[in-house]
Number of protein chains: 2
Amino acid sequence: MSRKTAYDVSLPKGESLYERDEICPIIYALDIIGGKWKLPILWHLADQEAVRYNELKRGVTGITNMMLTKCLRELEENGLVVRVQYPEVPPRVEYSLTERGRELLPALNKLNVWGKEQIKYIRARGEESN
Amino acid sequence: MSRKTAYDVSLPKGESLYERDEICPIIYALDIIGGKWKLPILWHLADQEAVRYNELKRGVTGITNMMLTKCLRELEENGLVVRVQYPEVPPRVEYSLTERGRELLPALNKLNVWGKEQIKYIRARGEESN
DNA sequence: CGGCATCCTCCTGGATACTG
DNA sequence: CAGTATCCAGGAGGATGCCG
């Protein structure tokens, strides 16, 4: 989805979640962790110290080299992930979450709680229509 | 983005944010509020009691009838928004957040806080490279 | 006023093959 | 082992026009 213009959503002022005429931090955040693979990658990094490229690839089911590399680069650019390359043969590269990356986890956890409730809610709703 | 398979991300068990072999609540949540217009619409509904269709359209800058209608229908299906139609001429339709929709706001607020920090972080980083 | 139908474009992500 | 390069399909979203 293209976000060229949507950051500056104009709204009436007030105590809303964001400030007028600013880029929206939530949309900004979601762009960073958006797409099909960013979250799976982040989770896989979340419960380990450092993970090697192929280890990551095995962990994130179905991802291709292209997408894995691309996502890791983007996460790195945004400072959520660090890449450490060891000068060995065969090559070894390890990825891990930065402090900034870890700071995102509580927010995701909130979403997680809501999402679980939502799943229950939708299921209950589906059954009552049977 | 197609989520046909990505819900069931396989990960080593442990105290990670989600349970193995379950659909991931975070991805589920992000799918519901994802896309270009859902968040702008939700915010616009967040600080009002009830909003009429064209009022909403004026508030969410740049959205077309098609996208507005489509997004509202999807939000309604997921129980975040209610549509109330009044039997008048000319027709009047009002949209508002449900309780479930409001329960999402605290989670978004967390993301908002992180996003603001992230913006500062990225800006600082950009300047140090000048 | 509050939509829906149709057509079209572009961008994300997939498939496949190759390399230092 | 840890990636790149190239090509391609599908779907989200945009433009435009019509309707009860």
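Everything numeric here is computed off the predicted structure, so don't read it as measured data. Proteins come first, then strands; the chains are lettered A, B, ... in the order of their sequence lines, and each starts at number 1.
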task = Please list, chain by chain and in numerical order, all residues satisfying side chain to side chain contact (heavy atoms under 4.5 Å, CB included) with Glu103(A), sequence neighbours excluded.
result = Glu99(A), Arg100(A), Trp114(B)
query = Who are the salt bridge (Lys or Arg N to Asp or Glu O under 4.0 Å) partners of Glu76(B), not counting sequence neighbours?
reply = none
ask   = Is any side-chain heavy atom of Asp47(A) less than 4.5 Å from a side-chain heavy atom of Trp43(A)?
value = no
key: Euclidean distance, atom CG of residue Leu68(B) to atom C1' of dG13(D) [Å, nearest integer]   = 14 Å
query = If you measure from the Lys or Arg side-chain nitrogens to the Asp or Glu carboxylate oxygens, is any gap between Arg58(B) and Glu55(B) under 4.0 Å?
reply = no
query = What is the distance from atom CG of Leu108(A) to atom CG of Leu111(B), rounded to the nearest 0.5 Å?
reply = 6.5 Å
Give each protein N/O atom lying under 3.5 Å from an N/O atom of nucleotides 2-5 of chain C, with the pair distance.
residue: dG2(C); atom: OP1; partner: Arg52(B); partner atom: NE; Å: 3.1
residue: dG2(C); atom: OP1; partner: Arg52(B); partner atom: NH2; Å: 3.1
residue: dG2(C); atom: OP1; partner: Val93(B); partner atom: N; Å: 3.3
residue: dG2(C); atom: OP2; partner: Asn54(B); partner atom: N; Å: 3.3
residue: dG2(C); atom: OP2; partner: Asn54(B); partner atom: ND2; Å: 3.2
residue: dG3(C); atom: OP1; partner: Arg73(B); partner atom: NH2; Å: 3.3
residue: dG3(C); atom: OP1; partner: Arg83(B); partner atom: NH1; Å: 2.4
residue: dG3(C); atom: OP2; partner: Tyr95(B); partner atom: OH; Å: 2.7
residue: dG3(C); atom: N7; partner: Asn65(B); partner atom: ND2; Å: 3.3
residue: dC4(C); atom: OP1; partner: Arg73(B); partner atom: NH2; Å: 3.2

inquiry  = So, using side chain to side chain contact (heavy atoms under 4.5 Å, CB included) as the criterion, who are the partners of Glu77(B) when residues are at least two apart?
reply    = none
task = Would you kindly give the NZ-to-C1' distance between Lys38(B) and dA12(D), to the nearest whole Å?
result = 11 Å
Atom pair distance, as rounded to whole Å: NZ in Lys57(A) and P in dG14(C) = 12 Å
note = Arg58(B) atom CZ is separated from dC1(C) atom P, nearest whole Å, by 8 Å
message = Just the rounded figure in Å: distance from C1' of dA2(D) to CD of Glu76(A).
response = 14 Å
inquiry  = I need the Ile122(A) CD1 to Asn78(B) CG distance, nearest 0.5 Å.
reply    = 5.0 Å
Atom-to-atom span, CD1 of Ile41(A) to C1' of dA2(D) - whole angstrom = 14 Å
message = Quick check on the helix from dC1(C)-dG20(D) to dG20(C)-dC1(D): what's the angle between its two end axes, five base pairs per end, to the nearest 10°?
response = 50°
key: Interatomic distance where CD belongs to Glu88(A) and P belongs to dG3(D) [whole Å]   = 14 Å
note = Applying side chain to side chain contact (heavy atoms under 4.5 Å, CB included) to Glu49(A) and not counting sequence neighbours gives none
task = Please check the phosphate of dA12(D) (OP1 and OP2 only) for any side-chain N or O of Trp37(B) closer than 4.0 Å.
result = no
query = Expressed in angstrom and rounded to an integer, what is the separation of Lys36(B) atom NZ from dA15(D) atom C1'?
reply = 13 Å
key: Within-4.5 Å side-chain heavy-atom neighbours: Val93(A) and Val84(A)   = no
